[in-house]
Each structure stands twice: as structure tokens, then as C-alpha cells.
Amino acid sequence: MACLCSHALVARRCRRQHSTSTIRESCAAGVTVLWVDQVRSPLGTLTIVAADDALCALAFPVARSRMLARIRSRFPGVVLKRRRDPNGYATRVLAYFSGDFDALNGITVDCGGTSFEEQIWKALRAIPAGTTMTYRKLAEIVRRPRAVRAVGLANARNPVCLVIPCHRIIGSDGHLTGYAGAIWRKRWLLAHEGAPSPSARTRRRARGD
């Protein structure tokens, strides 16, 4: 049984879900085990890193090295083991790319962010597919209207792409801005979800819609 007791937040979760003897044995061994899988998509092969009860990371190829470095920093001594479709996450990612935009809803994530980052990531999950939001509006939603830059940094540090849909955040002028998975993927994802194109958004702003 994989136990993430090396991380305080997840250790508390372990205490609720596993017996005391199991936790003591896992922590004494000093071993953290996470499950790794890969899923092919129209945008390249995504890497999944999962615990027994949560998704810890989902990354496109361009962000894979950075994601794995963060996992190893967060869980010192981590052992990454291959497991096919852990917790059904790969199946749900494939369903999303097949047009089921609700397939990723409800997935439990364990991202290890700061309290502010977790607040931003939670707010991102409330943005429906087919819609977009500006960084400024997101800052207002979390009641930090002056923290637009910090919102952008939290967005960029999202370790679970698609499930936490940071690709739905755009610039105040209606254009696409930075995306860790590359702008062309962001453009594809928004088109896949049926969101208005940047040119259409710009025309609406000009008309005052």
C-alpha cells in the first residue's frame, strides 16, 4: 500500500485512512510510492503521477522534466512505479479528449501548493469548459484584486493540467498568454472545448459586448 507520509498534509490524510500500525511501518521505512502512467493524446503523451487516492501531477511532454523534479523535491526518496491507468485517470483523460468535458470533474488532486496557490487552483476548477476568464477576474474572485501577477504565477505552477484547467485563463485584451504546455496546445484545448477564438473575443470587446 502506498503511503505519502513524508508530506505533512498527506500524512494527516493517511492517519484517517490507514491503521496506525500501517502508517508507522510505512513511515519507518521512509518510502513514498507513487504510481506513474502515460497516456497518448492528440497533443502528445501526457505523464500521470498518482497516489492511492489522488492525482498528484499530469503534464505534457514539454513540462515533464520540471514536473518530475517537483515531485522528487516534494517527496524526498520517492519511488515511482509503473501502474496502468491508476485510479482510472488515464481513461478519464482519454474521455476528455473524446469530447466528454465532464470526465475530469470530481478527480481528487493532491498538489502540495501554498494556501494561495491551492485557492487559485480550486477557483480554476470552477471555470466551465467552453468559457474563459482573465487573470484579473480570477484575482477578483479570490478577493485579491491587486494580486494579478501572483495569480499568474500560481497558474503557471499548476501541476495537474487539464484537471485544473489553467488553459482557460486569458489576457485582459482577450488574447492567449503564457501556458506551461505551450501556447499552441492552449489554443487547441480552447478550440476543442468550443471556447470563442481570440479574434472573436477581441471583436466583442471592441463592440462593448
Side-chain angles (χ1 to χ4, degrees), residues 39 41-44 46-48 54-64 66-67 70 89-90 92-206 209:
V39 56
S41 81
L43 302 181
L46 289 122
T47 300
I48 295 169
L55 180 62
C56 299
L58 179 64
F60 286 112
V62 68
R64 184 177 185 274
R66 182 169 63 251
M67 176 271 286
R70 182 173 177 180
Y89 297 144
R92 294 172 75 164
V93 169
L94 290 173
Y96 166 83
F97 280 106
S98 294
D100 180 2
F101 302 131
D102 294 330
L104 304 180
N105 294 346
I107 291 178
T108 300
V109 296
D110 188 349
C111 299
T114 65
S115 58
F116 178 74
E117 288 171 339
E118 296 284 354
Q119 186 181 17
I120 295 299
W121 297 337
K122 181 178 180 180
L124 285 169
R125 297 193 74 175
I127 304 173
T131 66
T132 56
M133 181 180 294
T134 65
Y135 293 95
R136 187 173 302 280
K137 181 62 177 178
L138 183 56
E140 292 172 355
I141 286 175
V142 299
R143 299 183 179 181
R144 297 285 297 275
R146 297 182 179 180
V148 177
R149 184 179 295 275
V151 166
L153 290 174
N155 204 58
R157 283 179 56 80
N158 168 27
V160 186
C161 70
L162 304 181
V163 176
I164 298 175
C166 56
H167 61 276
R168 295 173 190 161
I169 299 298
I170 61 173
S172 296
D173 61 359
H175 286 88
L176 306 187
T177 52
Y179 182 57
I183 288 292
W184 69 268
R185 287 191 177 93
K186 182 171 185 171
R187 183 178 295 109
W188 190 99
L189 290 168
L190 291 176
H192 177 58
E193 295 175 352
S197 66
S199 59
R201 286 190 292 267
T202 303
R203 287 195 297 271
R204 282 204 302 272
R205 280 182 58 87
D209 294 354

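We use all heavy atoms of the structure for the numbers below, so side chains are in, but hydrogens, waters and symmetry mates are not.
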Between [X] and [Y], what is the shortest heavy-atom contact and its length?
{"X": "Ala180", "Y": "Ala63", "answer": "O-CB, 4.4 Å"}
{"X": "Gly171", "Y": "Thr134", "answer": "O-CG2, 3.7 Å"}
{"X": "Val160", "Y": "Asn158", "answer": "N-OD1, 2.9 Å"}
{"X": "Cys111", "Y": "Ile164", "answer": "SG-CD1, 3.7 Å"}
{"X": "Ala195", "Y": "Thr132", "answer": "CB-CG2, 4.2 Å"}
{"X": "Gly130", "Y": "Pro196", "answer": "O-CD, 3.9 Å"}

Would you say [X]'s side chain and [Y]'s backbone share a donor-acceptor pair under 3.5 angstrom?
{"X": "Glu118", "Y": "Gly113", "result": "yes"}
{"X": "Trp121", "Y": "Arg157", "result": "no"}
{"X": "Arg92", "Y": "Asn105", "result": "yes"}
{"X": "Asn155", "Y": "Ile169", "result": "no"}

Does the pair Tyr96 and Glu193 meet the rule for a side chain to side chain contact (heavy atoms under 4.5 Å, CB included), with working shown? CA-CA 9 Å; Tyr96 166 83; Glu193 295 175 352; 2.7 Å; yes
Validation row: [X], [Y] side chains within 4.5 angstrom (heavy atoms):
{"X": "Ser41", "Y": "Val93", "answer": "no"}
{"X": "Tyr135", "Y": "Thr177", "answer": "yes"}
{"X": "Pro159", "Y": "Arg70", "answer": "yes"}
{"X": "Leu189", "Y": "Tyr179", "answer": "yes"}

Residues Cys161, Leu46; criterion side chain to side chain contact (heavy atoms under 4.5 Å, CB included); working and verdict: CA-CA 9 Å; Cys161 70; Leu46 289 122; 3.7 Å; yes
Could you walk me through whether Val148 and Ser172 satisfy the side chain to side chain contact (heavy atoms under 4.5 Å, CB included) test, starting with their C-alpha distance in whole Å, then the side-chain angles of each, then the deciding distance to 0.1 Å, before giving a yes or no? CA-CA 11 Å; Val148 177; Ser172 296; over 6 Å; no
Is there a side chain to side chain contact (heavy atoms under 4.5 Å, CB included) between Leu176 and Arg187? Walk through the geometry before answering. CA-CA 8 Å; Leu176 306 187; Arg187 183 178 295 109; 3.7 Å; yes
Working to the nearest 0.5 Å, report the span between [atom1] of [X] and [atom2] of [Y].
{"X": "Lys186", "Y": "Ile170", "atom1": "NZ", "atom2": "CD1", "result": "8.0 Å"}
{"X": "Ile48", "Y": "Tyr89", "atom1": "CD1", "atom2": "OH", "result": "9.0 Å"}
{"X": "Thr114", "Y": "Leu153", "atom1": "OG1", "atom2": "CG", "result": "10.5 Å"}

Tell me every residue that passes side-chain contact (heavy atoms from CB on, under 4.5 Å) with Trp188, counting only those two or more places apart in sequence or in another chain.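 Here the qualifying residues are Pro42, Leu43, Phe97, His192.
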Using the test side-chain contact (heavy atoms from CB on, under 4.5 Å), find all partners of Pro165 that sit at least two apart in sequence or belong to another chain.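 With neighbours one apart ignored, the set is Leu124, Arg125, His167, Arg168.
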